[in-house]
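For ligands, and for the atoms within them, numbers begin at 1 and follow the listed sequence.
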Amino acid sequence: MQALQAFQNLLLDPKRVMITGHASPDADALGSALALAAYLDKKGHQVQVISPTDYPQFLHWMHGHQKVLVFNDGNEKKSASIISEADLIFCLDFSSLNRIDKMGALVRDASAIKVVIDHHTGKEDFADYEFWDTKAAATCELLYQLMVDLDDRSLIDKPMAECLYAGIMTDTGSFRHPNTTQHVHEVVADLISLGADTSKVSKLVYDNNSLDRLRFIGFALSERLVVLPKYKTAYFAISAEDLKRFNSRTGDTEGLVNYALSIEGITMAAIIIDRNEGVKMSFRSIGDFAVNELANKHFEGGGHKNAAGGISKLTLEETVDKFLKLLPLYKSQLDKNQIEKEKS
Ligand code: 5GP
Ligand code: MN
């Protein structure tokens, strides 16, 4: 409570504010950054959102996104001076500085007061204020609650409510994951009363595919999906050539891993993608199988129990090989598929 009071006092006079979400931002990272930017703008602060990297086309409807500075798009110098001159830096939807690539060192060295709003495990100790709750479904849920706790619910307008809704909708898998609590529904109900058009947001995020992307999904499902019933595991390995063949753009592979998880009897799903910057991995699981622990232990990553990611500096083939060699070690845990079918 004391921290909230001190934080509230911090916002009393105009500040130079920099807001960032994690690299390859999703709807929760970008939505929370833009909603917070709009809020602080209304409170009279000078705000700049900087994204470490580009983000998918299906988030371009978000209010204020045109003003986002993309760090690795030739804006390194400009961003560095904004970061060093900021009074306040907000880190949204991540809590360890390696999640913002080269911006991490700049943020660490900055003299600004630093604020983390996040729901990921593996928090680093670098912030002055932390609104951090790993039980929260989304950073957007935490940000909504923070604005309400600061007695500023009335400042949440329709565009902000829609950014917040998008983050909660996607991070809960459209209200299907176990993180979908009563509180999540209550927050969303209030966002609707604040003007969020939920059906519009859902269409903008999910029904905005390019034909290339749909064909790519078809290709990946028929040619690249491997199912290993013995280990209750299914995975995709996607080469740089595959991505090129379907003119893959930022965000085109998002969600693909969930198809693998949707297969009957599967405990863990993975997608392993050969990107320019290295081999990127996404993991998903059901029940008690903790993919963030696997990602952290073997692939320099982390995330949540049922959704995590990591990277590998090996080749695609070597990474797949490493992943496959791990499976026998986890066999007994993978066997414990926790979701029991209801008896009808
Ligand atoms: P996704 O698979 O959708 O990229 O990410 C799933 C979850 O894992 C997200 O919460 C994301 O923040 C986290 N995550 C993804 N990649 C990494 C990574 O390289 N390192 C860490 N620590 N977390 C990651
Ligand atoms: Mn999130």
Quick one: which ligand 1 atoms are inside 4.0 Å of a heavy atom on His304? 10 (O)
Numbered atoms and elements of ligand 1 in range of Gly303, under 4.0 angstrom, heavy atoms: 8 (O), 13 (C), 23 (N)
Ring centre gap for Phe236 and Tyr259 strictly below 6.0 Å: no
Whether His119 and His304 hold their rings parallel, tilted or perpendicular, with breakpoints at 30° and 60°: tilted
Between Phe246 and Phe219, how do the two ring planes meet: parallel, tilted or perpendicular, split at 30° and 60°? tilted
Tell me, which protein residue and heavy-atom name are nearest atom 11 (C) of ligand 1, and how many Å apart are they? Arg99 NH2, 3.3 Å
How close does the nearest protein non-hydrogen atom get to atom 20 (N) of ligand 1, and which residue and atom is it? Gly301 CA, 3.5 Å
Heavy-atom distance to [atom]: which of [options] wins?
{"atom": "atom 21 (C) of ligand 1", "options": "Ala29, Ser96, Gly302", "result": "Gly302"}
{"atom": "atom 5 (O) of ligand 1", "options": "His119, Lys280, Met281, Arg284", "result": "Arg284"}
{"atom": "atom 4 (O) of ligand 1", "options": "Ser282, Ala307, Gly278, Gly309", "result": "Ser282"}

Is there a heavy atom of Gly310 sitting under 4.0 angstrom from any atom of ligand 1? yes
Run the side chain to side chain donor-acceptor pair (under 3.5 Å) test on Tyr330 and Thr233 for me, step by step, so that the C-alpha distance in whole Å, both residues' side-chain angles and the decisive distance to 0.1 Å come before the verdict. CA-CA 11 Å; Tyr330 288 94; Thr233 294; over 6 Å; no
What is the name of the N/O/S atom in [X] that sits closest to the Mn ion (ligand 2)?
{"X": "Asp171", "value": "OD2"}
{"X": "Asp93", "value": "OD1"}
{"X": "Asp28", "value": "OD2"}

Do any of the N/O/S atoms of [X], backbone or side chain, fall under 2.8 Å from the Mn ion (ligand 2)?
{"X": "Asp26", "answer": "no"}
{"X": "Cys140", "answer": "no"}
{"X": "Asp118", "answer": "no"}

Within 45 degrees of the ring normal and closer than 6.0 Å to the centroid, is that where the cationic atom of Lys322 sits relative to Phe299? yes
More than 12 foreign heavy atoms under 6.0 Å from CG of Asp13: is that the case here? yes
Please check this pair: side chain of Lys114 against backbone of Phe126, looking for a donor-acceptor N/O pair closer than 3.5 Å. no
Strictly distance-based, threshold 3.5 Å: is any side-chain N or O of Glu318 a donor or acceptor partner for the main-chain N or O of Thr315? yes
Any nitrogen or oxygen of His120, main chain or side chain, under 3.5 Å from a nitrogen or oxygen of ligand 1? yes
Any side-chain heavy atom of His45 within less than 4.5 Å of one from Leu11? yes
Could you check whether Asp152 pairs with Lys42 (Lys NZ or Arg NE/NH1/NH2 to Asp/Glu carboxylate O, under 4.0 Å)? no
